[in-house]
J.: 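Structure in structure tokens, see below.
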Number of protein chains: 4
Amino acid sequence: MSKNLDIINQHESAVRSYVRSFPKVFTKAKKHKMWDENGKEYIDFFSGAGALNYGHNDDHMQEKLVEYVTSDGITHSLDMASTAKATFLEKFQDIILKPRDLDYKVMFPGPTGTNTVESALKLARKVTGRTDIISFTGGFHGMTIGSLSVTGNSMKRKGAGIPLQNTVTMAYDNYVDHDTLVYLERFLEDNGSGVAIPAAMIVETVQGEGGINAARFEWLKKVEELCRRWGILLIIDDVQAGIGRTGTFFSFEAAGIKPDIVCLSKSLSGYGLPLAVTLIKPELDIWKPGEHNGTFRGNNHAFVTATAALDYWKDGSFEKEIHKKSQIIYQFLEQIVADYPEIKGEVRGRGFMVGIASEVEGFAEKVAARCFESGLIMETAGPNDEVFKLFPALNIPIEDLQKGLTIIEQSVKDLVKEPVTN
Amino acid sequence: MSKNLDIINQHESAVRSYVRSFPKVFTKAKKHKMWDENGKEYIDFFSGAGALNYGHNDDHMQEKLVEYVTSDGITHSLDMASTAKATFLEKFQDIILKPRDLDYKVMFPGPTGTNTVESALKLARKVTGRTDIISFTGGFHGMTIGSLSVTGNSMKRKGAGIPLQNTVTMAYDNYVDHDTLVYLERFLEDNGSGVAIPAAMIVETVQGEGGINAARFEWLKKVEELCRRWGILLIIDDVQAGIGRTGTFFSFEAAGIKPDIVCLSKSLSGYGLPLAVTLIKPELDIWKPGEHNGTFRGNNHAFVTATAALDYWKDGSFEKEIHKKSQIIYQFLEQIVADYPEIKGEVRGRGFMVGIASEVEGFAEKVAARCFESGLIMETAGPNDEVFKLFPALNIPIEDLQKGLTIIEQSVKDLVKEPVTN
Amino acid sequence: MSKNLDIINQHESAVRSYVRSFPKVFTKAKKHKMWDENGKEYIDFFSGAGALNYGHNDDHMQEKLVEYVTSDGITHSLDMASTAKATFLEKFQDIILKPRDLDYKVMFPGPTGTNTVESALKLARKVTGRTDIISFTGGFHGMTIGSLSVTGNSMKRKGAGIPLQNTVTMAYDNYVDHDTLVYLERFLEDNGSGVAIPAAMIVETVQGEGGINAARFEWLKKVEELCRRWGILLIIDDVQAGIGRTGTFFSFEAAGIKPDIVCLSKSLSGYGLPLAVTLIKPELDIWKPGEHNGTFRGNNHAFVTATAALDYWKDGSFEKEIHKKSQIIYQFLEQIVADYPEIKGEVRGRGFMVGIASEVEGFAEKVAARCFESGLIMETAGPNDEVFKLFPALNIPIEDLQKGLTIIEQSVKDLVKEPVTN
Amino acid sequence: MSKNLDIINQHESAVRSYVRSFPKVFTKAKKHKMWDENGKEYIDFFSGAGALNYGHNDDHMQEKLVEYVTSDGITHSLDMASTAKATFLEKFQDIILKPRDLDYKVMFPGPTGTNTVESALKLARKVTGRTDIISFTGGFHGMTIGSLSVTGNSMKRKGAGIPLQNTVTMAYDNYVDHDTLVYLERFLEDNGSGVAIPAAMIVETVQGEGGINAARFEWLKKVEELCRRWGILLIIDDVQAGIGRTGTFFSFEAAGIKPDIVCLSKSLSGYGLPLAVTLIKPELDIWKPGEHNGTFRGNNHAFVTATAALDYWKDGSFEKEIHKKSQIIYQFLEQIVADYPEIKGEVRGRGFMVGIASEVEGFAEKVAARCFESGLIMETAGPNDEVFKLFPALNIPIEDLQKGLTIIEQSVKDLVKEPVTN
């Protein structure tokens, strides 16, 4: 075993996780590729669980970052004003918000996904004076107590060590059937339902951790409509599905809805650096100064790379590229499901946020493990890890995308042939 | 007004805070100095609220970082193994833990202070099967719901929008008198007190946000003893007081205690980059894989700079330097209090974590504002912002330290002369 | 206005309620009749909201009570042993439990419905080590914080002034359609649903306050089956539906289920005196002595009347009588709905626990008010008081039952004729 | 063993408690005496834990009750108006409230102590819009979740099976020293204390279950003053200490304070029948109709006996009688402590609510057990049952009071002589 792996296994807490699925020590990474300490190359269909939508160490961002660092640009500034922050804010307005006719105040809540979610929940409660939040089955929103309270996974929830409160879970789209919102609506309109009108609903348009469940656009529209009818705030948690992952900058664009609050993180900095923002409709921005804060809310390195990353969105070409490649992926997956009925597979997802759920227990994990051996990094998702999940960089060349898909097909084929050895 | 400041005021959420006290746009920073966009130079006695104990853009760390970035070192790796992480872990053992006879597993809980605190609280509850945490008056531990529940500040607590639960606040040292632990002990030993034996006590050895309150060593020892007697875990939140701020790497070293769990963040990366660790006694490390996680828990840039920063601690010379300069600061503060009785001042703190609490309402804020005009950055602390707080970089040259102190004295002198204009 | 009514309106808290619907001062009552201070006679179709299933001041119980009181029988005994309690316990075994093949320990938790519910919830949590309780839409279980947490009515819930916790509301039978348990099952079997396996489900077989909703027997059986599959305790709250109200002593007998815990109160004492018991399967009776208590858990007057009341159940004749009369009532209600389509009515309920829900806003309340003028006491139920609710004494003579029904029909007829005056 | 005791031990839940200390079956009771089924006579120094301040089956009340029952007076009336209720309300105004210059609305919240406490907490939260309640170490307020949250006993609290929330426990008078309110005051005035301004403080003037701790009048006055300063409601839980037990009708009269809300139950009905009221300052009576309710809130038998009981308070003679006898008791206890230093005793309490705390483990329980053998019923109190508690009927003749005291002294004497046999 590698000395470095030894060190990690010896000194890092038992909570470590991905190192168990991918037991190699990684050293270098570029674009959609990674190399371990032995120089072995991997195609990355994992992309930092959605934090590396533009791949690793993108040249343009790298250049800007090095330039900034070497010029002694201010690194850490809390929420003092910095040139790097102002530049990001301006460009984010010009390239992202204005063309989409969106008007949001930008909050920097601390540089992680759970932090933007916590700030969104706080603000929704403050604005409405209500305490409950409606979340959905299969939702994942973070590991700190506020975010964990709206997260579905029972193992993670038990980790809290305390009952999680002030939240009500409702059935996500297709949870049982297409009528899940009939239930939700009934609960809201009935004074005797035991479910109070909540401060907000928090929704992922496509659930990543929950098993790559994509809500239908009409379902999302109906959720928005229910929110409007009862004065409930609509929070879209776009931490994983946002920044192009489903095909558009915001995942909710195609559904034609306008959330009250949007949570962004993961691929926002573009370079894998910690950054998060909470977007807030101006009329809801009633925070007192410092009412929510965090030491690393002014991470200027991330501002610099995030600003560079916005260049991808200057015109519509990137969206078209994503669309084209996502069709290739989707067709591939449909073909797999058709060709290998033994895996009892179902294609899930939207855009570059897709996977196959297999009813065969343990199959998805085996596929991921086999792919890793063959030089492809890919993770599983879902409450029972029943989905293998394709998260390539959005800018992966078609050729390497195809290589990755081929590895997956070979792995499936091999596994299907193998005698069952439970 | 500056165009950049305009952009920020227009687009950033009302929650922004420090930009209101320091209404300039900062561009460049080096060591203990910062420059705004107009080229004005400032001495930094703020140090990113304790995140920049080694000053800005330290040459050694900068060099290592640029080298890493330009060589396409892996940036974002979740909790996969990376060379940068292994190197950090090994050096942290060798330079920090072993020489201090400390044996801890290292958890990477997400790269912020609140995240390490949340992970510590979860683990304490999991280990003990109990739900309550005892925290202390004046404590500050973070803004997400779990950490906020053990934070004292009422404005921040109200920001939660929900009742904060599973926590009991006890009086910190000197809160009323020297006997605060007599009360705590009585509450614990009495079956009828209404206070259950908690999972843990979470303590700062010196409270930063709470008003630069330094607990006596004997008080800390007694807290540890109470924890041992009832099987309560002792969590030291060393996010602000740690990494040399009070004179030693861990703030609790001089008190002679050995916490069960230690929370570190802020200056851990050395360079102002987001990083946090939770140190856990090996026998308590009963986490399931992934039971607590976070997208940015593998911030390799921060591993690189944190590793470089450990060089400061290779021998005892840095501690001696801190000690020498902290005496200068302390004597200066004592002199101020003596020379200007009008400010009704009291010197607070330990090491480089010091300040003056003034009973004159609004005085501390005026001093900080006046210093800013004169080119010194310094913040206030305490429930009513009654303390002005000196947080210079630990490696500031004595000459510039003196310059900063002189600005403070001049500001105090000027303000004392001014007619009261309430 | 009456002097006595003046006194009450002046001195009693604004929380008083029924006195507003029935603004007369009652003095005397016998069987199914009541008299106000002016000597006006009323037929009672209200029966103390189910606390007077045998009518008022039943001769047999009255005789036993007076005999006991005049002989200086011990009145108040906490949970010391008393002859009256032993006699009740023995007869309850012989007449109620044994013939129904039920084996329960009897807990006296304090003499009210909310108290038996609170004790049931505590015990379920203690036995399972879990915190959550699943309750159902439209459920009513009491006004103290534990019971209120599982109660559906939003006005009552808001009265708590704090968020109500550790409970999940699921859809009762027919809430949206016949498939409500498909949802419940899915929530339980899915590790990612956000709904933990609860300590217990608490169910009313027919919901009184919730609007006279009767669950189908197959629905109840399926609930029991789900409880068995996941080791969830089944609590039947039979406070209102029990003691004969739906046709059998326990309301769940006909459904063929055996709850783990049963809550009884209201008509248990038979005479309207405060009494409650919690029935517990012997293997679940793991209480520590005094772990739940209450000053009035030994109300011997109530033991005496409750013992006398059991004579009604010595053989099957009383059940037959209830059955016969309940058919009369049911046919009457069906006829009303058919004859007066203007009221958009729907017959609800089972046995002597029935009513008509009217979609015409305010109609049910008008019927009740009109009946009261005509000498019939009847209340409304449901989240919007949309149901008028027939709760005659089970032993009402058919002749007087018919009189009451006639008053109802006349009231409906009159109201339907009236011009709408909204 | 008795057949009746067999029945109880076999069929009653393990939660039964007093029957274990007093393992006899009681049949008859009159005034301050009880008889078991074998005809053995006991002097009752227990008085139903304070529910029988006038003794058992008081002749005057008994006569009124029988008269009412035999005349078919309405028994159960929810909160409909009844003659019996109006009569009680009027007389309560005339004899109790007016002469004491108290102006309260009377709420009937359900007939038990825990129910009046739950209603008081709800109302305090509703009036102030705040969630927290400050309770005190050693406090006992009831067993339902709301009341249990403000109760100190850890065994009882654990019985909840869920964390108890929205409450903060502060040190009662003399908990550590005389300065407990200095701490409380500091917690309230400090914005950083972590303790929010609560909706209410709930206080017993003398703690019964908590170990017969009597707060000094100046302490109570200071509590009231703190409440006034911060707009906190003052709730006096007079369930056990009220109705003459400490020498005056309300226990707080002598302290010269005027609570915002008063909780009464136990001896209110005078006869041991379930009854409770919540007294509310008129300006705080903002309940909506039915916002808190309960099936047995109109227990007319209890109204009848409670009305008769008020005759004891028509003039000051009863208070004088209590005062005189309480001096006899107090002197006796002081003498015991002085004469038997081996028991390391301390006299506790006020009026007829007194006892001796012994530092000798298990001693108090032994005294109580020994007394029971000798024909005296007396219980223990305190978190470790370290207090034996004298609760004779207030109207006990001096002769029988002396008999009881003699039994106690003899028991103490016998036990002190016995060889230690741990």
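Any value given below was found using the heavy atoms of this structure, including those in side chains, with hydrogens, waters and symmetry copies removed. Everything quoted here is computed from the prediction, not taken from an experiment. Order of the sequence lines sets the chain letters (A, B, ...), proteins ahead of strands, with each chain counted from 1.
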J.: To the nearest 0.5 Å, what is the distance between CG (B/Asn299) and CG (A/Leu273)?
T.: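 With rounding to 0.5 Å, CG (B/Asn299) is 6.5 Å from CG (A/Leu273).
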
J.: Restricting to non-hydrogen atoms, name the atom on A/Ser13 and the atom on B/Trp287 that form the minimum distance, rounded to 0.1 Å.
T.: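 In this case the closest contact between A/Ser13 and B/Trp287 is OG-CD1, 3.4 Å.
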
J.: Measure distances from A/Phe140 to the heavy atoms of chain B and classify the residue's part below 4.5 Å as side chain, backbone, both or neither.
T.: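 For A/Phe140, the side chain is the part near chain B, not the backbone.
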
J.: Is there a donor-acceptor contact under 3.5 Å from the side chain of B/Asp79 to the main chain of A/Ser17?
T.: yes

J.: Can you tell me which portion of A/Tyr271 sits under 4.5 Å from chain B's heavy atoms? Options are side chain, backbone, both or neither.
T.: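 Contact with chain B involves both backbone and side-chain atoms of A/Tyr271.
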
J.: Specify which of A/Asn153, A/Leu78, A/Thr295 makes the most heavy-atom pairs with chain B at under 4.5 Å.
T.: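 Counting heavy-atom pairs under 4.5 Å, the top option is A/Leu78.
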
J.: Just give me the residue among A/Asp6, A/Asn166, A/Asn115 that pairs up with chain B most often, heavy atom to heavy atom, under 4.5 Å.
T.: A/Asn166

J.: Heavy atoms only: give me the nearest A/Ala51-B/His76 pair and the separation to one decimal.
T.: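 Taking A/Ala51 first and B/His76 second, the nearest heavy atoms are CB-NE2, 3.5 Å.
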
J.: So, for A/Ile74 and B/Ala29, which heavy atoms are closest and what is the spacing to 0.1 Å?
T.: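 A/Ile74 and B/Ala29 have their closest heavy atoms at CG1-CB, 4.0 Å.
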
J.: Which answer fits B/Ser71, side chain, backbone, both or neither, if we ask what part of it has an atom under 4.5 Å from a heavy atom of chain A?
T.: backbone

J.: At a heavy-atom distance under 4.5 Å, which candidate from B/Lys24, B/His292, B/Lys158 has the highest pair count against chain A?
T.: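 Highest number of pairs under 4.5 Å: B/His292.
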
J.: Out of curiosity, A/Leu89 CG to B/Asn4 CG, how far, rounded to the nearest 0.5 Å?
T.: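 CG of B/Asn4 is found 9.5 Å from CG of A/Leu89.
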
J.: Picking from A/Ala160, A/Gly113, A/Ala49, A/Ser77, which has the most non-hydrogen pairs under 4.5 angstrom with chain B?
T.: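 Counting heavy-atom pairs under 4.5 Å, the top option is A/Ala160.
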
J.: So what's closer than 4.5 Å to chain B heavy atoms on A/Thr112: side chain, backbone, both or neither?
T.: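 Answer is both: backbone and side chain atoms of A/Thr112 are under 4.5 Å from chain B.
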
J.: Under a 4.5 Å cutoff for heavy-atom pairs, which residue among B/Thr114, B/Thr278, B/Thr131 has the most contacts with chain A?
T.: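 That would be B/Thr131.
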
J.: So for A/Arg16, is it side chain, backbone, both, or neither that comes closer than 4.5 Å to the heavy atoms of chain B?
T.: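 Answer is both: backbone and side chain atoms of A/Arg16 are under 4.5 Å from chain B.
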
J.: Given the options A/Asp103, A/Asp72, A/Val19, which has more heavy-atom pairs under 4.5 Å with chain B than any of the others?
T.: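 Top option by heavy-atom pairs under 4.5 Å: A/Asp72.
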
J.: With a 6.0 Å cut-off (strictly less than), is the heavy-atom count around NZ of A/Lys156, excluding the residue itself, greater than 12?
T.: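 Counting neighbours around NZ of A/Lys156, more than 12 heavy atoms of other residues, nucleotides or ligands fall under 6.0 Å, so yes.
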
J.: Taking A/Arg297 first and then B/Glu12, would you say they form a salt bridge - that is, a charged N and a carboxylate O separated by under 4.0 Å?
T.: no

J.: Could you tell me whether A/Lys105 atom NZ has more than 12 heavy atoms of other residues or ligands within 6.0 Å of it?
T.: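 Buried by this count: over 12 neighbours within 6.0 Å.
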
J.: Counting heavy-atom pairs closer than 4.5 Å to chain A, which one of B/Gln240, B/Gln165, B/Lys3 comes out on top?
T.: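 Most pairs with chain A among the choices: B/Lys3.
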
J.: Could you tell me which of A/Ser265, A/Ala124, A/Gly129, A/Gly161 has the largest number of non-hydrogen atom pairs under 4.5 Å with chain B?
T.: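 Heavy-atom pairs under 4.5 Å are most numerous for A/Gly161.
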
J.: Can you give me the closest heavy-atom contact between A/Ala81 and B/Leu5, atom names plus distance?
T.: CB-CD1, 3.8 Å

J.: Is atom NZ of B/Lys126 surrounded by more than 12 heavy atoms (other residues, nucleotides or ligands) closer than 6.0 Å?
T.: yes

J.: Quick check on B/Leu121 against chain A: is it the side chain, the backbone, both or neither that has a heavy atom closer than 4.5 Å?
T.: neither

J.: Are any non-hydrogen side-chain atoms of B/Leu65 and A/His301 less than 4.5 angstrom apart?
T.: yes

J.: Distance-only, no hydrogens or angles: does the B/Lys288 side chain make a donor-acceptor pair with backbone N or O of A/Met155 under 3.5 Å?
T.: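 Not at all, since once roles are kept as given, no pair shorter than 3.5 Å links the two residues.
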
J.: Report which part of A/Leu275 has an atom under 4.5 Å of a heavy atom belonging to chain B: side chain, backbone, both, or neither.
T.: backbone

J.: Applying side-chain contact (heavy atoms from CB on, under 4.5 Å), run through A/Leu148 and B/Glu118 and close with a yes or a no.
T.: CA-CA 11 Å; A/Leu148 190 53; B/Glu118 292 261 353; over 6 Å; no

J.: Could you check which of B/Thr87, B/Leu52, B/Val239 has the highest count of heavy-atom pairs closer than 4.5 Å to chain A?
T.: B/Leu52

J.: Spell out, as yes or no, whether a donor-acceptor pair under 3.5 Å connects the side chain of A/Asn57 to the backbone of B/Thr75.
T.: no

J.: Which region of A/His11, side chain (C-beta onward) or backbone (N, CA, C, O), has a non-hydrogen atom less than 4.5 Å from a non-hydrogen atom of chain B, or is it both or neither?
T.: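 The answer is both parts of A/His11.
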
J.: Any idea which of B/Phe46, B/Tyr18, B/Phe296, B/Phe22 has the most non-hydrogen atom pairs under 4.5 angstrom with chain A?
T.: B/Phe296

J.: When heavy-atom pairs shorter than 4.5 Å are enumerated against chain B, which of A/Val25, A/Thr83, A/Val15, A/Ile8 gives the highest number?
T.: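 Winner by heavy-atom pair count: A/Val15.
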
J.: Would you mind checking which part of A/Ser119 comes under 4.5 Å of any heavy atom in chain B, side chain (CB onward), backbone (N, CA, C, O), both or neither?
T.: neither

J.: About how many Å separate CE of B/Met80 and CZ of A/Phe26, when rounded to the nearest 0.5 Å?
T.: 4.0 Å

J.: Start with the C-alpha gap between B/Val69 and A/Val69, add the side-chain angles, then the distance that decides, and say whether side-chain contact (heavy atoms from CB on, under 4.5 Å) holds.
T.: CA-CA 10 Å; B/Val69 173; A/Val69 173; over 6 Å; no

J.: Can you tell if the side chain of B/Gln10 reaches within under 4.5 Å of the side chain of A/Gln93, non-hydrogen atoms only?
T.: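 They are not in side-chain contact.
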
J.: Based on non-hydrogen pairs under 4.5 Å, which of B/Glu37, B/Met107, B/Glu63, B/His56 is most in contact with chain A?
T.: B/Met107

J.: Once you round to the nearest 0.5 Å, how far does CD1 of B/Ile145 lie from CG of A/Leu164?
T.: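 So the gap between those two atoms works out to 11.5 Å.
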
J.: Counting only heavy atoms closer than 4.5 Å, note whether A/Lys30 contacts chain B via side chain, backbone, both or neither.
T.: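 Just the side chain, heavy atoms under 4.5 Å.
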
J.: Once you round to the nearest 0.5 Å, how far does OG1 of B/Thr70 lie from CD of A/Gln62?
T.: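 Between B/Thr70 OG1 and A/Gln62 CD, I get 7.0 Å after rounding to 0.5 Å.
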
J.: Quick one: what part of A/Ile286 sits under 4.5 Å from any heavy atom of chain B, side chain, backbone, both or neither?
T.: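 Neither the backbone nor the side chain of A/Ile286 comes within 4.5 Å of chain B.
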
